[in-house]
Peer 1: 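Quick one: this structure, given as structure tokens, is what I'll be asking you about.
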Amino acid sequence: MSSPRFWLVVPAAGIGQRMQADLPKQYLTLNGRFVLDVTLERLLSCGAWAGCVVPLHCDDQWWPASASAGDARIEPCPGGAERADSVLAALKHLQGRAAADDWVLVHDVARPCIHPDDVARLRSTLADDACGGLLAAPVSDTVKEVAPGSDQVLVTRDRRQLWRAFTPQMFRYGDLVAALQRGVCEQPGAITDEASAMEQVGWHPRVVTGRTDNIKITVPEDLALAEFILARQAAG
Ligand SMILES: Nc1ccn([C@@H]2O[C@H](COP(=O)(O)OP(=O)(O)OP(=O)(O)O)[C@@H](O)[C@H]2O)c(=O)n1
Ligand SMILES: C[C@](O)(CO)[C@H](O)COP(=O)(O)O
């Protein structure tokens, strides 16, 4: 019986509205390189992968100019309306090639500071797990619940059991396809990560403590922060 393989899915079909830039944030530059190229190069350097699928926006005009477009290990495919749709599209792109018990690691293209040690620890910690899980970190700020459409605090949440979900998130191909298919049908737009789709169908994903510098580039100030983090990582 061959051991399960590891596949990469890197959703890159967003438009980066919160970044308020003239182009999607995955094509902004970090030290002169596309965010997308930095993320993909770091992921692909993290060990052996059976394949890497990158869902892209149907109007993506920047991909051909990326370094990743010339990398035979990377397969683009059409993304979807929401992140979960893009991930599901990438999984369907792998139909017939990925085995049901193969592992799939899903990582946001907007998280270029992913550290190889975190990917290695996620893969090794969950390699024999029945469900899978995700990189995460305990919440360190006090968390307030605020009334919808208001600035009034309703309640302070007990943060002792709260964790911030990062990516990669790692689940078995067959389980993840089934969970996402149900999630996108029953709760369109509500599934914001792979773990929540798995939870909705009764799984209990495990958290694996990850570095808090695994930031997601989301708002304008995140770009300079990502450059700083990458420089600090390079300095060792
Ligand atoms: N339909 C979508 C929406 C998002 N993503 C990807 O999912 C990741 C996390 O999403 P987010 O940070 O929300 O990116 P955007 O959707 O581009 O940002 P915004 O919500 O500000 O538009 C990103 O790598 C993004 O490219 C995707 O593949 N397909
Ligand atoms: C998947 C994720 O990065 C985990 O924190 C997050 O849910 C993505 O959310 P977004 O609104 O699509 O950026």
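In this text, all values refer to a predicted model and were calculated from it rather than measured experimentally. Atoms within each ligand, like the ligands themselves, are counted from 1 in listed order.
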Peer 1: Out of all atoms in ligand 2, which are within 4.0 Å of some heavy atom of Arg83? Include the element for each.
Peer 2: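 Taking each heavy atom of Arg83 in turn, ligand 2 has 1 (C), 12 (O) under 4.0 Å.
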
Peer 1: With side chain to side chain contact (heavy atoms under 4.5 Å, CB included) as the test, pick out the partner of Val9 among Val104, Val54, Leu88.
Peer 2: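 Filter result, single survivor: Val104.
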
Peer 1: Indicate yes or no for a side-chain donor-acceptor contact from Arg172 to the backbone of Asp102 under 3.5 Å, with no hydrogens or angles considered.
Peer 2: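 A pair under 3.5 Å: no.
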
Peer 1: By number and element, which atoms of ligand 2 are closer than 4.0 Å to a non-hydrogen atom of Asp193?
Peer 2: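 It comes down to these atoms of ligand 2: 1 (C).
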
Peer 1: For Lys216, take its heavy atoms, then give the atoms of ligand 2 lying under 4.0 Å from any of them.
Peer 2: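 The atoms of ligand 2 under 4.0 Å from a heavy atom of Lys216 are 3 (O), 8 (C), 10 (P), 13 (O).
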
Peer 1: Is Asp141 salt-bridged to Arg159, going by a charged N under 4.0 Å from an acidic O?
Peer 2: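 No.
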
Peer 1: Answer yes or no for Arg111: is there a heavy-atom contact with ligand 2 below 4.0 Å?
Peer 2: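 Yes, Arg111 has heavy atoms under 4.0 Å from ligand 2.
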
Peer 1: Cation-pi check, Arg123 to Phe6: give yes when NZ or CZ is under 6.0 Å from the six-membered ring centre and within 45° of the ring axis, no otherwise.
Peer 2: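 Pair Arg123/Phe6 counts as cation-pi.
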
Peer 1: Roughly how far, to the nearest 0.5 Å, is CD of Glu194 from CD of Gln169?
Peer 2: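 So the gap between those two atoms works out to 5.0 Å.
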
Peer 1: Could you pull out every protein residue that has a heavy atom closer than 4.0 Å to ligand 1, ordered by chain and then number?
Peer 2: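 Within the 4.0 Å shell of ligand 1, which is judged on heavy atoms, sit Pro11, Ala12, Ala13, Gly14, Ile15, Gly16, Gln17, Arg18, Lys25, Gly80, Ala81, Glu82, Arg83, Ser86, Asp108, Val109, Ala110, Lys216.
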
Peer 1: What's the shortest distance from atom 4 (C) of ligand 2 to any protein heavy atom, and which residue and atom give it?
Peer 2: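 That would be Ala165 O, 3.3 Å.
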
Peer 1: Applying the 4.5 Å side-chain criterion to the ILVMFWY set and letting contacts propagate, would Trp49 and Met170 be lumped into a single cluster?
Peer 2: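 They do share one cluster, since a chain of ILVMFWY contacts under 4.5 Å joins Trp49 to Met170.
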
Peer 1: Return the residue, atom name and 0.1 Å-rounded distance of the protein heavy atom closest to atom 3 (O) of ligand 2.
Peer 2: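 Sorting protein heavy atoms by distance from atom 3 (O) of ligand 2 puts Asp108 OD2, 2.6 Å first.
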
Peer 1: Check Asp193, Asp108, Thr192 against Arg83 for a side chain to side chain donor-acceptor pair (under 3.5 Å) and give me the one that passes.
Peer 2: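 So the option named by the test is Asp108.
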
Peer 1: Is it true that Arg18 lies under 4.0 Å from ligand 2, counting heavy atoms only?
Peer 2: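 Arg18: in contact with ligand 2 (<4.0 Å).
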
Peer 1: Classify the side-chain pair His93/Glu75 by whether it contains a donor and acceptor separated by less than 3.5 Å.
Peer 2: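 Short answer, yes.
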
Peer 1: So, for Glu227 and Asn31, which heavy atoms are closest and what is the spacing to 0.1 Å?
Peer 2: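 Closest heavy-atom pair between Glu227 and Asn31: OE2-N, 2.7 Å.
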
